[in-house]
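Below is one structure; the comments refer to it alone.
Per chain, numbering begins at 1; letters A, B, ... match sequence-line order. Computed from a predicted structure; not experimentally measured.
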Protein chains: 2
Amino acid sequence: MTDVIIAIDCMGGDFGPSVTIPSVKKILKGYSNVAFHLFGDITQITHHLKVNKILGHSRIRITGSIDDVTMNDQPAVALKSKKTSSMRLALEAVRDGQANACVSAGNTGALMAISRFVLKMLPGIDRPAIISAIPTLKNDHVYLLDLGANVVCDEKRLTQFAIMGNELAKCVDKVDSPKVGLLNVGEEDNKGSEKLRRAAELIGSIESINYAGFVEGNQIFSGDYQVIVTDGFTGNNVLKATEGLTHYLANKIKLAFERNWWAKFCGILAKPVIHAFKAEVNPEKYNGACLVGLRGIVIKSHGSANVHATCCAIEEAILQSYQKIPQVIRESLQQASEKLV
Amino acid sequence: MTDVIIAIDCMGGDFGPSVTIPSVKKILKGYSNVAFHLFGDITQITHHLKVNKILGHSRIRITGSIDDVTMNDQPAVALKSKKTSSMRLALEAVRDGQANACVSAGNTGALMAISRFVLKMLPGIDRPAIISAIPTLKNDHVYLLDLGANVVCDEKRLTQFAIMGNELAKCVDKVDSPKVGLLNVGEEDNKGSEKLRRAAELIGSIESINYAGFVEGNQIFSGDYQVIVTDGFTGNNVLKATEGLTHYLANKIKLAFERNWWAKFCGILAKPVIHAFKAEVNPEKYNGACLVGLRGIVIKSHGSANVHATCCAIEEAILQSYQKIPQVIRESLQQASEKLV
């Protein structure tokens, strides 16, 4: 029996159906109760279904698209002129109740704009926020938002982020009272801009939130918080800087094990150790950022995601479908709404 | 013969003279033309000079301080009421021409406020910016600023940062035409806030700057840019997040080499390789952020800096003293001043 239907924008990302279809195959095998509605170029999808030996699978439905969204499309242009794109059709399937969630690795700006137009926002939320789980030293994760959807945020929007992050941590991770921090240049109450201090006051006044004060950038990875709130400009730059640093350090460790014959010898012996380390800190595990604040579930996969990473994004969509995240956030927003007026 | 005199705030940082005095000893040994003017508690300084066998050294002068700045002092309070602190006296030595530069590991906010009051700003600059060199994949570094001195910045202040970073890269690193980037959530011209787009236009109009457009967070470590400009809120959080991630990854790699007997065995064999890797990516090498925009040289050492890191900060102060950085930035500002009015 099928519990959950996931709409896949097969054409999004750097690799399109050559990655999305093998990912679908893997999930079909692992989850007997999940079905897929695939959107994209029929010829390409059929070819890859055939190659992966899942053409005609009982839990796959296909809808053809025309004029798909490219990575260079302006959001407004994609919204106006790409009404039969795989991205648009997949989101409409969620809107129309034909799918529980949409997964796309396409153009983030276009996905934001089309999601907002097609699915609409939850009452009290102005714009979607991008939220993602970041690994921490305590072997769990912290939700960081916004990661780039809202470059300028006032205290009300930051408070909306706090409410949404709080509910995600409660529902997805079953944390009773998630610790919510607000990113700042210092922990003391007098640090940062006035806007941030007003946001601290507003978030602190929401009863359902366990507000734990200002946090600094290095505390993101400490595991002491379950949700960290910031504006999309800072969140995006922090996230991308950590990607850049990971790449830098991976390169340096590779060079260290190539430096001389002894290093090379050690590198060969230590291969399983380094492999285990890489597997643990692999950012692919954390692929699948959620566009929260919408009336439906939209998971953004990384543009360069491979099959493993794409499967992680689809699993996030399945999990959120079971948890009915948008409905839960909606209820929580109703309780906090008088503070946000 | 002494070319350069460095004023040391011996009491700043987590370890005070127990770290600053051994660092002074190391630099005295390595640099025969550098002298020190030490500021702090006479008893403590004398004790540590004795322990390090440099009491009475011909290139050391000591001035006693009273009521030093603590890490918890509010900047305004430190400025008003700590007029005989080691930090204040060291900065006054720079102002009075008795020292070429000041190095302090003390309270950043207080150092900013007192520096600004004692040394005054260069004409056309409103407030100091904190600038630091960040290692890159191309085995050189990029100057990132501001790192926390200015949490809210308009386009003029961002342009002042670009000018100052540009001059630092030219003078210290002898780069002819440093590539200057402006941090944003995307590379395209239409990305980010209006303020940022105005800053891009203003920076692009300064002839002496090789403005290379918007850059994303992951490009900080690419080595494709010599200067990256951002507001102090973003810069501070990016820098601290990378510190947090480095700590997280170091912990994970340590655990990977402790997982089982084979991993432990590999860890012992690979010790020199891991040691070389750690030495290369050691953040201590990059200790010594500069408070740029002042009429004198002030180097901020990390509060938790050890002897090696403190020596790096002192070496930065020596280098900048030879380059006469404030004078050079002043000349460049005069050329650009009509654009900044």
Fill in: Atom pair CZ (A:F117) and CG (A:L294), whose distance is rounded to the nearest 0.5 Å
13.5 Å
Item to complete: Start with the C-alpha gap between A:C153 and A:F161, add the side-chain angles, then the distance that decides, and say whether side chain to side chain contact (heavy atoms under 4.5 Å, CB included) holds.
Response: CA-CA 10 Å; A:C153 300; A:F161 296 168; 3.7 Å; yes
Item to complete: Would you check, one step at a time, whether the test side chain to side chain contact (heavy atoms under 4.5 Å, CB included) holds for B:L183 with B:L196?
Response: CA-CA 9 Å; B:L183 200 65; B:L196 216 61; over 6 Å; no
What donor-acceptor contacts under 3.5 Å connect chain A and chain B, backbone and side chains included?
from, atom 1, to, atom 2, distance (Å)
A:Q74, OE1, B:N190, ND2, 2.6
A:N139, OD1, B:K252, NZ, 2.6
A:V185, O, B:K240, NZ, 3.1
A:N190, ND2, B:Q74, OE1, 2.7
A:E216, OE1, B:K240, NZ, 2.3
A:N218, N, B:K240, O, 3.3
A:K240, O, B:N218, N, 3.3
A:K240, NZ, B:V185, O, 3.1
A:K240, NZ, B:E216, OE1, 2.3
A:K252, NZ, B:N139, OD1, 2.6
A:K252, NZ, B:E280, OE2, 3.0
A:W262, NE1, B:L269, O, 3.1
A:L269, O, B:W262, NE1, 3.2
A:E280, OE2, B:K252, NZ, 3.0

Item to complete: Please test A:I131 against A:L147 for side chain to side chain contact (heavy atoms under 4.5 Å, CB included), starting from the C-alpha separation and ending with a verdict.
Response: CA-CA 6 Å; A:I131 186 166; A:L147 297 175; 5.9 Å; no
Practice prompt. State, yes or no, whether a side-chain contact exists between B:L111 and B:L291 at a heavy-atom distance under 4.5 Å.
Written response: yes
Discussion item. Need one label for A:V185: side chain, backbone, both or neither, based on atoms under 4.5 Å from any heavy atom in chain B.
Written reply: both
Worksheet entry | A:L239 versus chain B, the contacting section by heavy-atom distance below 4.5 Å | neither
Fill in: Top contributor to chain B contacts, counting heavy-atom pairs under 4.5 Å, from A:I134, A:V238, A:L255, A:I274
A:V238
Worksheet, complete the sentence: Smallest heavy-atom separation, A:M164 atom then A:A129 atom, equals CE-CB, 4.1 Å
Worksheet item: Please walk me through it: do A:L245 and A:L249 pass side chain to side chain contact (heavy atoms under 4.5 Å, CB included)?
Response: CA-CA 6 Å; A:L245 178 64; A:L249 290 174; 4.0 Å; yes
Worksheet item: For the residue pair A:G165 and A:V227, what are the closest heavy atoms and their distance?
Response: O-CG2, 3.4 Å
Worksheet, complete the sentence: Honestly, the part of A:P135 sitting under 4.5 Å from a heavy atom of chain B is both
Response to the item:
If one checks every heavy atom of A:V151 against chain B at 4.5 Å, the contacting part turns out to be side chain
Worksheet entry | Leading residue by heavy atom contact count with chain A [cutoff under 4.5 Å; candidates B:G192, B:A241, B:G148] | B:A241
Practice prompt. Identify which part of A:I220 has an atom lying under 4.5 Å from any heavy atom of chain B, answering side chain, backbone, both or neither.
Written response: side chain
Practice prompt. Search all heavy atoms of B:A113 against all heavy atoms of B:P75 and return the closest pair with its distance.
Written response: CB-CB, 4.0 Å
